Asks: 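Let me begin by handing over the structure; questions about it come next.
Quantities reported herein were computed from a predicted structural model and do not represent experimental measurements. Numbered from 1 within each chain, the chains take letters A, B, ... in sequence-line order.
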Amino acid sequence: MSPFASQSLRLACLFLLGSAVTRPAAAQEAAERTTIGGYGEVHYANASGPRTPGEVNVKRFVLFVAHAFSDRITFRSELELEDTKLEGGQDGGEVALEQLYLDYRFSDAATLRTGLVLAPIGIINETHEPPAFNGVARPLFDREVIPSTWRDIGVGMAGNLPGGHGLNYRVFLVSGLKAEGFGGSTGIRGGRQEGKEASFANPSLTGRLEWARPGLRLGGSFWYGGTAAQDSALGAGTFESPVFLVSADARYDVGPFALRGVVARIAVNDAKEINARFGTDVGARIEGGYLEGAVNLLHFLAPESRHKLNAFLRHERYNLHAAVPAGTATNDGYARRNTAVGLSYKPLWNVVFKGDYQLFRNRAARGESEMVSLGVGYQF
Amino acid sequence: MRAPVLPLLLLVLAATIPPSDRLAAQAAPPAKIQAALRRVYGGDLRTDSALIDGATVYRLARGDSLLGFAQVRNVKGKDQPITFMVATDSALHLRDIDILVYREAYGGEIAYEPWRRQFRGKGPSDALMPDADIRGISGATISVHAVTAAVRRTLQDLLRWRAEGRL
């Protein structure tokens with residue numbers, strides 16, 4: 001007899017067999033789940049010069065813990081340890097929460113996201129697991145221009161735009177930047193509060209619109225918000241001393257080739273007042289980007305292989321002093337040109353062995369340097 | 001004397017719980033499954049179902065002609081189960097796949113038609129590998145790999161069940 005029962009017999013079938021073989025339906029609906037994941041990377045880096053010794057470091061060890069309370073309510077977190085350990089009075093080492101948020105999913109189009117969230121800007125800030133990018137270290141652009149890992153506490157919405165056009169969005173209201181931390185060589189990076197007893201004097205708006213289909217993802221992002229933090233010299237208004245960032249990015253994969261690029265432009269409106277108040281030299285405009293091309297060599301050398309050996313070339317060009325306010329001298333050393341070339345070997349999509357050569361240059365030709373790096377990384 | 005009973009009972013229970021793919025967690029609403037089946041196979045559908053290895057398999061027919069088989073499964077993405085449906089013709093070639101419930105924070109683009117339609121016409125003898133015969137989506141890597149592998153396993157199971165005379 002065929003094991004198939006008609007629809008009307010299905011309930012009886014479930015009742016008889018289901019109780020012995022499957023879990024009760026009620027348990028399926030209410031199942032809570034906890035998931036542990038993570039990523040990590042170990043680096044070897046040797047700066048230029050035959051007499052400089054190399055340095056090895058467990059750059060990042062990140063634990064990801066998620067818990068689904070129900071089908072709609074989920075908590076997610078990322079806890080990071082940088083540089084192996086923390087020791088009092090010594091440089092380096094950091095323990096930090098990179099993410100901690102609660103999702104309430106109303107529909108595919110609308111999820112309420114509350115907590116410590118990643119700014120949805122560029123490529124690396126949200127997708128920073130080592131197998132997801134080429135090169136041992138993250139691109140410097142994603143440190144000095146887009147200050148990854150950029151996160152803040154806030155509330156917002158995420159989802160797919162209805163209609164199945166491949167568009168999705170994220171938009172958040174978060175605690176903003178503080179001008180006090182801005183600087184010429186570091187841009188807005190030092191202004192991040194990272195959710196640590198953060199001032200909410202300047203709530204900022206950030207968001208992203210993405211379009212994705214097989215092989216292609218295009219994104220546009222923005223950030224707008226004040227930075228004065230009720231400083232006596234800068235002002236008490238919510239949008240006092242605003243920072244306005246716009247960015248666009250693209251990822252395109254075709255056959256063995258992968259191309260990606262990001263551009264960003266940041267306006268620091270009251271750079272003059274900020275520099276006068278804090279004795280620094282942040283640019284009034286920061287802008288630039290990078291382009292990267294990669295090719296999977298195994299596609300030609302061993303077409304049957306499921307492994308990947310990506311050779312890549314990346315060129316970054318950005319200027320932390322694209323414009324300076326009156327009273328601040330332009331520093332050509334902040335107009336950077338970084339080139340990286342290297343290999344990424346991926347026996348699996350979530351494990352990577354990397355090696356690269358980087359050349360750091362700038363318009364002033366001061367302090368230019370080279371670096372050779374090796375690394376391993378994983379995610380699960 | 002009573003002490004070993006409970007562990008034994010637990011062992012027996014544990015042994016009856018099928019692999020995570022099939023029953024890891026959440027079910028899709030029955031209405032959603034029916035709608036997905038109608039979308040793939042059209043209306044006026046006769047739906048029979050059977051439990052094979054603890055999981056429901058649908059057999060779809062119109063009149064006397066067998067249209068194919070379908071199964072709903074869960075596969076773990078980054079941290080949540082992705083509930084998907086595999087729908088084949090009578091020769092176990094894919095008519096379509098469907099993402100019934102997507103719960104992950106990122107990567108929802110796999111539910112869109114441009115990605116799913118790559119599976120149409122593929123069968124148990126196809127590789128079904130990301131970056132080989134299924135094009136991935138940058139930024140949705142985990143979901144792409146999870147669902148592609150789970151579809152491949154589902155087709156292999158259907159093929160085995162048919163060989164065993166259970167379909």
Side-chain angles (χ1 to χ4, degrees), chain A residues 2-7 9-10 13-14 17-18 20-23 25 28-29 31 33 35 37 64-68 71-72 74 76 101 103 105 108 111 113 123 126-127 131-132 158-160 164-166 168 210 212-217 219 251-254 258 260 296 306 308 349-350 379, chain B residues 16-18 22-27 46-59 61 74 76-81 83 99 101-115 117-118 127 129-132 134-142 144-145 161 165-167:
Chain A
S2 160
F4 282 89
S6 74
Q7 196 67 278
L9 286 175
R10 191 176 157 224
C13 187
L14 274 175
L17 295 174
V21 185
T22 70
R23 293 182 200 170
Q28 286 192 17
E29 280 158 24
R33 299 174 298 271
T35 311
F64 175 90
V65 178
H67 184 79
D71 233 13
R72 297 193 179 280
T74 310
R76 295 185 175 89
Y101 61 84
D103 267 0
R105 193 175 67 89
D108 288 341
T111 292
R113 187 162 293 170
I123 296 176
E126 288 187 298
T127 315
N160 300 330
H165 303 298
N168 69 73
E210 277 182 326
R213 52 170 293 122
L216 181 63
R217 182 180 294 266
R251 283 164 269 185
Y252 181 56
D253 303 307
V254 55
R260 58 167 59 188
N296 175 19
R306 300 280 179 228
K308 282 187 170 182
W349 67 271
N350 48 4
Q379 72 176 104
Chain B
T16 60
I17 295 175
R22 285 163 223 148
L23 277 181
Q26 317 308 83
R46 201 181 83 230
T47 308
D48 299 333
S49 63
L51 277 174
I52 301 180
D53 287 357
T56 301
V57 179
Y58 299 98
R59 187 171 66 178
N74 289 302
K76 184 173 161 280
K78 184 175 167 69
D79 59 80
Q80 299 298 309
T83 304
I99 307 298
V101 191
Y102 192 82
R103 307 168 180 85
E104 297 282 355
Y106 299 97
E109 297 86 2
I110 62 161
Y112 293 136
E113 212 253 347
W115 190 71
R117 72 169 166 234
Q118 303 181 85
M129 295 288 284
D131 302 328
I134 298 294
R135 215 168 165 195
I137 302 176
S138 187
T141 309
I142 296 173
V144 162
H145 280 263
W161 292 332
R166 300 163 79 187
L167 267 192

Asks: Given that the side chain runs from C-beta out, which part of B:Ala140 has a heavy atom under 4.5 Å from chain A: side chain, backbone, both or neither?
Replies: both

Asks: Between A:Arg76 and B:Lys78, does the side chain to side chain contact (heavy atoms under 4.5 Å, CB included) criterion hold? Intermediate values first, please.
Replies: CA-CA 11 Å; A:Arg76 295 185 175 89; B:Lys78 184 175 167 69; over 6 Å; no

Asks: Work out which heavy atom in A:Arg306 is nearest to a heavy atom in B:Ala127; give both atom names and the distance.
Replies: NH2-CB, 3.8 Å

Asks: Please flag which part of B:Ile142 lies under 4.5 Å from any non-hydrogen atom of chain A: side chain, backbone, both or neither.
Replies: both

Asks: Heavy-atom distance under 4.5 Å to chain B: side chain of A:Asp108, backbone, both or neither?
Replies: side chain

Asks: With a 4.5 angstrom heavy-atom cut-off, could you sort out which part of A:Arg105 is near chain B: side chain, backbone, both or neither?
Replies: side chain

Asks: If you compare all heavy atoms of A:Ala212 against all heavy atoms of B:Ile137, which two are closest, and at what distance to 0.1 Å?
Replies: CB-CG2, 4.0 Å

Asks: Find the one option among A:Ala66, A:Gly215, A:Gly166 whose heavy-atom pairs under 4.5 Å with chain B are most numerous.
Replies: A:Gly166

Asks: Is any side-chain heavy atom of A:Trp349 less than 4.5 Å from a side-chain heavy atom of B:Val144?
Replies: no

Asks: Starting at OH of B:Tyr106, measure out to OG1 of A:Thr127 and round the result to the nearest 0.5 Å.
Replies: 7.5 Å

Asks: I'd like to check the side chain to side chain donor-acceptor pair (under 3.5 Å) partners of B:Glu113; sequence neighbours left out, ordered by chain and number.
Replies: B:Arg117, B:Arg120

Asks: Answer with side chain, backbone, both or neither: which region of A:Asp103 has an atom nearer than 4.5 Å to a non-hydrogen atom of chain B?
Replies: side chain

Asks: So which of B:His145, B:Met129, B:Arg46 has the biggest tally of heavy-atom pairs under 4.5 Å with chain A?
Replies: B:His145

Asks: Given that the side chain runs from C-beta out, which part of A:Val254 has a heavy atom under 4.5 Å from chain B: side chain, backbone, both or neither?
Replies: both

Asks: Looking at every non-hydrogen atom in both residues, tell me the closest pair between B:Ala105 and A:Arg113 and how far apart they are.
Replies: CB-NH2, 3.5 Å

Asks: Between A:Thr74 and chain B, which part of the residue has a heavy atom less than 4.5 Å away: side chain, backbone, both or neither?
Replies: side chain

Asks: Measuring from atom OG1 of A:Thr111 to atom CZ of B:Arg103, what distance do you get when rounded to the nearest 0.5 angstrom?
Replies: 12.0 Å

Asks: How close do B:Pro114 and A:Pro214 get, counting heavy atoms only, and between which atoms?
Replies: O-CG, 3.4 Å

Asks: Looking only at heavy atoms, what is the nearest atom pair of B:Ser138 and A:Asp253, with distance?
Replies: CB-OD2, 3.8 Å

Asks: Residues two or more places apart in sequence or in another chain: which of them pass side chain to side chain donor-acceptor pair (under 3.5 Å) with B:Gln80?
Replies: A:Arg33

